[in-house]
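Data block below; observations after.
Naming: A, B, ... by sequence-line order, numbering from 1 per chain.
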There are 2 protein chains.
Amino acid sequence: MIIIIIILEKRVSLAEKIRSMTRQRRMILQELQKMTTHPTADQVYDMVRKKLPRISLATVYRNLDLLAQDGLIRKLGTAGAQMRFDGNPVDHHHIRCTRCHRVDDLPAGTVMVKDKGVGERTGYRIAGLHLEYNGLCPECQTEMQKTRV
Amino acid sequence: MIIIIIILEKRVSLAEKIRSMTRQRRMILQELQKMTTHPTADQVYDMVRKKLPRISLATVYRNLDLLAQDGLIRKLGTAGAQMRFDGNPVDHHHIRCTRCHRVDDLPAGTVMVKDKGVGERTGYRIAGLHLEYNGLCPECQTEMQKTRV
DNA sequence: AAAATAATAATAATAATTATCATTATTAAT
DNA sequence: ATTAATAATGATAATTATTATTATTATTTT
Ligand SMILES: [Mn+2]
Ligand SMILES: [Mn+2]
Ligand SMILES: [Zn+2]
Ligand SMILES: [Zn+2]
């Protein structure tokens with residue numbers, strides 16, 4: 001039996017391509033991990049700038065993206081997609097294609113959400129909720145196969 | 001017992017302020033209701049333009065917003081808010097303030113999602129799901145009371 | 001140490017959305 | 001019905017978040 005131990009001190013790779021862990025990238029990750037809030041890119045920029053005053057906003061955006069790709073952080077909100085509108089105001093959920101950004105309705109009865117005391121435990125006055133699945137739509141699945149081989 | 005039937009042919013008001021149902025507004029609503037897809041603003045624009053060639057894109061945006069305010073249609077996605085980042089990649093859900101756009105974590109165990117065959121029934125290859133509550137955060141609740149009275 | 005590769009800072013470009021404002025349409029008042 | 005008051009529109013400018021570009025700097029490989 002062969003055991004391989006990989007110590008990630010200088011480099012990070014959850015995908016096949018290895019990418020170097022730069023001072024900037026590490027700092028962005030660290031600062032973000034400290035915060036319990038969910039900052040915007042420019043808020044991250046402001047935090048990181050206190051330690052690395054010469055960092056560029058573009059570097060922050062670039063690295064937030066790469067860190068999310070590597071699964072070290074998460075992006076909240078519908079990335080890179082423009083707003084979409086629904087002619088049906090009745091409550092129902094959706095599924096969104098991560099590749100072509102298409103949005104479909106989830107057939108009624110496919111999901112059940114049970115919550116207990118969300119308002120009480122968060123202090124929010126709840127107005128609604130939205131559940132969104134994401135993945136590859138049928139069309140994009142076949143498209144992907146063509147290019148992959 | 002008194003039954004009041006309101007026929008909305010010329011005006012719409014689900015809020016206190018009445019707003020006139022213009023040709024443009026009606027057409028945007030009609031076209032959107034026809035579509036089973038979830039079009040972007042410019043896709044709505046293209047559809048409506050076939051019937052009202054002189055309509056402006058700004059009018060489409062304006063009315064999509066007003067129709068959503070009146071609850072006749074829905075906006076999908078985090079309206080008017082910029083992307084937010086989460087230092088915690090472990091699966092968990094969120095609650096977002098509709099007023100100040102702040103995002104908080106939902107305490108673990110407050111919700112349970114049960115689904116059956118989402119992938120099979122939609123044809124999507126599911127990658128994940130995200131549940132987001134929305135409402136007024138504690139701070140904004142008190143802020144609102146100040147201005148209201 | 002030198003060459004090759006990758007990431008950065010600074011800045012320009014893009015694209016979606018929102019604001020402005022003169023004109024037109026709709027509603028209320030007379 | 002006319003007129004005055006109000007609201008909505010079309011055209012376009014402005015804004016804002018994000019992405020692309022590129023010369024420079026840092027890191028990795030040889
Ligand atoms: Mn829908
Ligand atoms: Mn979170
Ligand atoms: Zn797709
Ligand atoms: Zn708030």
Side-chain angles (χ1 to χ4, degrees), chain A residues 6-13 15-29 31 38-46 48-70 72-73 75-85 101 103, chain B residues 8-13 15-29 31 38-46 48-70 72-73 75-85 101 103:
Chain A
I6 300 169
I7 299 172
L8 296 173
E9 48 179 23
K10 293 212 70 176
R11 301 177 130 222
V12 172
S13 79
E16 58 273 0
K17 243 189 188 166
I18 284 172
R19 91 176 16 120
S20 47
M21 178 54 81
T22 61
R23 212 177 3 272
Q24 292 85 336
R25 185 137 54 225
R26 192 196 335 275
M27 191 59 74
I28 289 166
L29 181 57
E31 289 300 310
H38 301 80
T40 59
D42 47 283
Q43 286 170 342
V44 174
Y45 179 51
D46 285 342
V48 174
R49 226 167 8 153
K50 291 175 186 168
K51 312 233 171 169
L52 302 175
R54 294 197 49 86
I55 198 172
S56 156
L57 178 60
T59 300
V60 172
Y61 268 105
R62 204 180 321 110
N63 281 302
L64 286 172
D65 218 57
L66 296 171
L67 288 168
Q69 273 180 43
D70 291 348
L72 298 175
I73 68 169
K75 280 187 168 194
L76 303 184
T78 51
Q82 60 189 302
M83 183 68 54
R84 283 171 179 271
F85 300 89
H101 296 145
V103 177
Chain B
L8 298 172
E9 47 180 24
K10 293 213 70 174
R11 303 178 127 221
V12 172
S13 80
E16 58 274 359
K17 242 189 189 165
I18 283 171
R19 94 177 13 122
S20 46
M21 179 53 83
T22 62
R23 210 176 6 271
Q24 292 87 334
R25 186 137 54 225
R26 193 197 333 277
M27 190 58 75
I28 289 167
L29 180 57
E31 289 301 310
H38 301 80
T40 59
D42 47 282
Q43 286 170 341
V44 174
Y45 179 51
D46 286 342
V48 173
R49 228 168 4 155
K50 290 174 186 166
K51 313 233 170 167
L52 302 176
R54 294 197 48 85
I55 198 172
S56 156
L57 177 59
T59 300
V60 173
Y61 269 105
R62 205 180 318 113
N63 281 304
L64 286 172
D65 217 58
L66 295 171
L67 288 168
Q69 274 179 43
D70 291 347
L72 298 174
I73 68 170
K75 281 188 166 191
L76 303 184
T78 51
Q82 59 188 304
M83 183 69 56
R84 283 173 179 268
F85 300 88
H101 296 146
V103 177

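Residues B/L64 and A/M83 are not in side-chain contact: their nearest non-hydrogen atoms beyond the backbone lie 4.5 Å or more apart. At a threshold of 4.5 Å between non-hydrogen side-chain atoms, the residues A/R25 and A/R19 count as touching.
With DNA chain D read from its 5' end, the first of the two nearest nucleotides for B/R23 and B/F85 is the one closest to B/R23.
Note that the CZ atom of A/R54 and the OG1 atom of A/T59 stand 11.0 Å from one another [nearest 0.5 Å].
Shown here are the side chain to side chain contact (heavy atoms under 4.5 Å, CB included) partners of A/Y45, two or more places apart in sequence or in another chain: A/R49, A/I55, A/L57, A/V60. Taking B/E31 as the reference, B/M27, B/K34, B/M35, B/M47, B/V48, B/K51 meet the side chain to side chain contact (heavy atoms under 4.5 Å, CB included) condition, with sequence neighbours excluded. With sequence neighbours excluded, no residue forms a side-chain hydrogen bond (donor to acceptor under 3.5 Å, both in side chains) with B/R62.
In this structure, the OH atom of B/Y45 is 12 Å from the C1' atom of D/dT12, given to the nearest Å. Rounded to whole angstrom, the span from the CG atom of B/D70 across to the C1' atom of D/dA7 amounts to 14 Å. As a whole-Å value, the separation of A/D65 CG from C/dA6 C1' is 17 Å. Rounded to a whole Å, the CE atom of A/M83 is 8 Å from the P atom of C/dT18. Taking atom CG of A/D42 as the reference point, atom C1' of D/dT18 lies 11 Å away to the nearest angstrom. The nearest whole Å value for the distance from the CG atom in A/L52 to the P atom in D/dT25 is 18 Å. As a whole-Å value, the separation of A/L76 CG from D/dT18 P is 12 Å. When the P atom of C/dA25 is taken as reference, atom CZ of B/R26 falls 16 Å away, rounded to whole Å.
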**OP:** Could you walk me through whether A/Q82 and B/D42 pass the side chain to side chain contact (heavy atoms under 4.5 Å, CB included) test, one step at a time?
**Re:** CA-CA 10 Å; A/Q82 60 189 302; B/D42 47 282; 3.0 Å; yes

**OP:** Check the pair B/T40 / B/V44 against side chain to side chain contact (heavy atoms under 4.5 Å, CB included), numbers first and verdict last.
**Re:** CA-CA 6 Å; B/T40 59; B/V44 174; over 6 Å; no

Atom pairs under 3.5 Å, N or O on each side, protein against nucleotides 13-16 of chain D: can you list them with distances?
none

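For the helix from C/dA1-D/dT30 to C/dT30-D/dA1, the axis fitted to the five pairs at one end and the axis fitted to the five pairs at the other end meet at an angle of 30° (nearest 10 degrees).
You'll find that the side chain of A/S20 is closest to D/dT28, out of D/dT28, C/dA9, D/dT18.
The shortest heavy-atom contact between B/F85 and A/I73 is CD2-CD1, 4.2 Å.
No donor-acceptor pair under 3.5 Å is formed between the side chain of A/S20 and the backbone N or O of A/T22. Between the B/D65 side chain and the B/Y61 main chain, no donor and acceptor come within less than 3.5 Å of each other. Without hydrogens or angle criteria, A/R84 side chain to B/H38 main chain gives a donor-acceptor distance under 3.5 Å.
Checking the phosphate oxygens (OP1, OP2) of D/dG10, a side-chain nitrogen or oxygen of B/Q24 falls inside 4.0 Å. For the pair B/R19 and D/dA7, the criterion of a side-chain N or O lying under 4.0 Å from OP1 or OP2 is not met. Proximity of B/T22 to the phosphate of D/dT9: a side-chain N or O atom is located under 4.0 Å from OP1 or OP2.
If you check residues 54-62 of chain B against DNA chain D, the residues with a heavy atom closer than 4.0 Å are B/R54, B/I55, B/S56, B/A58, B/T59, B/R62, listed by number.
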